[in-house]
Number of protein chains: 2
Amino acid sequence: MYTIHEVCERTGLTAHTLRYYEKEKLLPNVSRSAGGFRQYSDEDMESLAMICCLKNTGMSLQDIARFMELAREGDQTLRERCELLERHREAVLARMEEMQRYLDKVTCKVDYFTEKLREFEENRSK
Amino acid sequence: MYTIHEVCERTGLTAHTLRYYEKEKLLPNVSRSAGGFRQYSDEDMESLAMICCLKNTGMSLQDIARFMELAREGDQTLRERCELLERHREAVLARMEEMQRYLDKVTCKVDYFTEKLREFEENRSK
DNA sequence: ATATACCTTGAAGTTTACTCTAAGTCAATA
DNA sequence: TATTGACTTAGAGTAAACTTCAAGGTATAT
């Protein structure tokens with residue numbers, strides 16, 4: 001079992017964010033100690049790893065919450081989760097390709113600016 | 001010269017968003033017709049292309065506004081803009097690599113779920 | 001000429017994802 | 001035992017990027 005502080009260190013999320021995610025049903029049902037403090041299990045840590053994967057590939061918290069709900073429903077939602085993840089994967093790939101295309105344009109601009117700068121400094125030194 | 005409607009079609013931005021970007025100094029100084037309607041020049045269109053590149057690679061509107069301000073100041077800001085774009089480029093590449101790593105984990109999960117689903121359906125058919 | 005559709009402005013409202021505050025509880029240490 | 005620091009909650013506040021609204025002006029087709 002991990003304290004909220006330990007989970008912060010492992011996930012990079014703040015305690016505020018962890019409590020927020022709990023409220024938003026991304027990871028509800030975190031158990032409490034006798035004193036009412038959060039205790040995260042290894043299973044919770046795995047769920048958090050998944051949550052971070054989905055979040056860092058651009059899924060909204062709402063969609064993550066729905067995915068985690070399906071996960072809690074067990075094996076009968078395996079197909080649905082599989083399809084959902086596959087669709088997400090394709091959307092992310094498309095997004096990355098789009099980003100690459102825009103980045104290529106930025107790279108062109110950098111090259112163009114570099115050349116223009118060279119000319120500009122040459123003129124100035126004359 | 002293009003009307004706001006034409007610019008929407010070409011850029012995929014809404015008229016609301018174009019007016020918002022003007023207010024936020026991403027592209028101020030758009031000229032007006034006699035009746036007060038916006039008229040976008042070819043130069044404005046080029047600026048908008050740059051704005052979209054930066055936005056779609058994840059730059060904040062605030063940072064874009066600063067970049068566009070430098071652009072309006074002319075050639076003496078070439079070096080600064082060059083460096084700024086280069087830094088942005090590297091940040092985007094790092095972000096894309098990070099995304100790729102998270103996506104690889106998602107792919108692993110999809111494979112794992114697919115296998116688990118196969119087993120599950122096999123058991124059910126028995 | 002008038003109806004309709006589109007444009008203008010400033011300002012208020014929305015969504016997402018936090019982030020902070022206040023008031024109080026719990027745990028560990030001097 | 002007292003104090004320090006971390007934890008709890010509900011709820012308010014924030015920042016970014018739109019998005020909508022209200023009130024009015026403009027352009028054009030009938």
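A, B, ... follow the sequence lines: proteins, then strands. Residue 1 opens every chain. Note that this is a predicted model, so its numbers are computed, not measured.
Nucleotides of DNA chain C nearest to B:His5 and A:Tyr20 differ in position, and the one nearer the 5' end is that of B:His5. Mapped onto DNA chain D by nearest heavy atom, A:Gln39 and A:Lys23 fall at different nucleotides, with A:Gln39 at the one closer to the 5' end.
Side chains of A:Thr107 and B:Arg89: a donor-acceptor N/O pair is present below 3.5 angstrom, by distance only. For the residue pair A:Asn123 / A:Glu119, no side-chain donor-acceptor distance below 3.5 Å is found, with atom types taken as modelled.
Under the 4.5 Å side-chain criterion, counting only non-hydrogen atoms from C-beta, B:Thr3 is not in contact with B:Tyr40. Counting heavy atoms from C-beta outward, A:Arg66 and A:Gln62 have side chains that stay 4.5 Å or more apart. In this structure, the side chains of B:Glu121 and B:Leu117 come closer than 4.5 Å at one or more pairs of heavy atoms.
Using a cut-off of 4.0 Å between Lys/Arg side-chain N and Asp/Glu carboxylate O, B:Glu98 and B:Arg101 are scored as not salt-bridged. Contact check on A:Glu115 versus A:Arg118 returns a salt bridge, with a Lys/Arg side-chain nitrogen under 4.0 Å from an Asp/Glu carboxylate oxygen.
Residue B:Arg19 contributes atom CZ, which lies 14 Å from atom C1' of D:dA22 at whole-angstrom precision.
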Using atom types as modelled, flag every donor-acceptor pair under 3.5 Å from a side chain in residues 43-55 of chain A to any protein atom, sequence neighbours excluded.
{"from": "A:Asp44", "atom 1": "OD2", "to": "A:Ser41", "atom 2": "N", "distance (Å)": "3.0"}
{"from": "A:Asp44", "atom 1": "OD2", "to": "A:Ser41", "atom 2": "OG", "distance (Å)": "3.2"}
{"from": "A:Ser47", "atom 1": "OG", "to": "A:Glu43", "atom 2": "O", "distance (Å)": "3.2"}

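Using a 4.0 Å cutoff to heavy atoms of chain A, the contacted part of DNA chain C runs 5' to 3' from C:dA17 to C:dA27.
Taking both residues in full, the closest heavy atoms of B:Lys25 and B:Arg72 are given as O-NH1, 4.0 Å, listed atom of the first, atom of the second, then distance.
The salt bridge (Lys or Arg N to Asp or Glu O under 4.0 Å) contacts involving residues 7-19 of chain A comprise nothing, where partners must be two or more places apart or lie in separate chains.
For the contact set between residues 28-38 of chain A and DNA chain D, defined by any heavy atom under 4.0 Å, the members are A:Arg32, A:Gly36, A:Phe37, A:Arg38. Contacts between residues 41-63 of chain A and DNA chain C, defined by a heavy-atom separation below 4.0 Å, involve A:Lys55, A:Ser60, A:Leu61, listed by number. Non-hydrogen atoms lying under 4.0 Å from DNA chain D are contributed by B:His16, B:Thr17, all within residues 6-18 of chain B.
Counting only distance, with no hydrogens or angles, the side chain of B:Thr77 and the backbone of B:Glu73 share no donor-acceptor pair below 3.5 Å. Checking side-chain atoms of A:Thr114 against main-chain N and O of A:Val110 turns up a donor-acceptor pair under 3.5 Å.
Summarising the geometry, atom CD belonging to B:Glu80 is positioned 4.5 Å from atom CG belonging to B:Leu70; distances are rounded to the nearest 0.5 Å.
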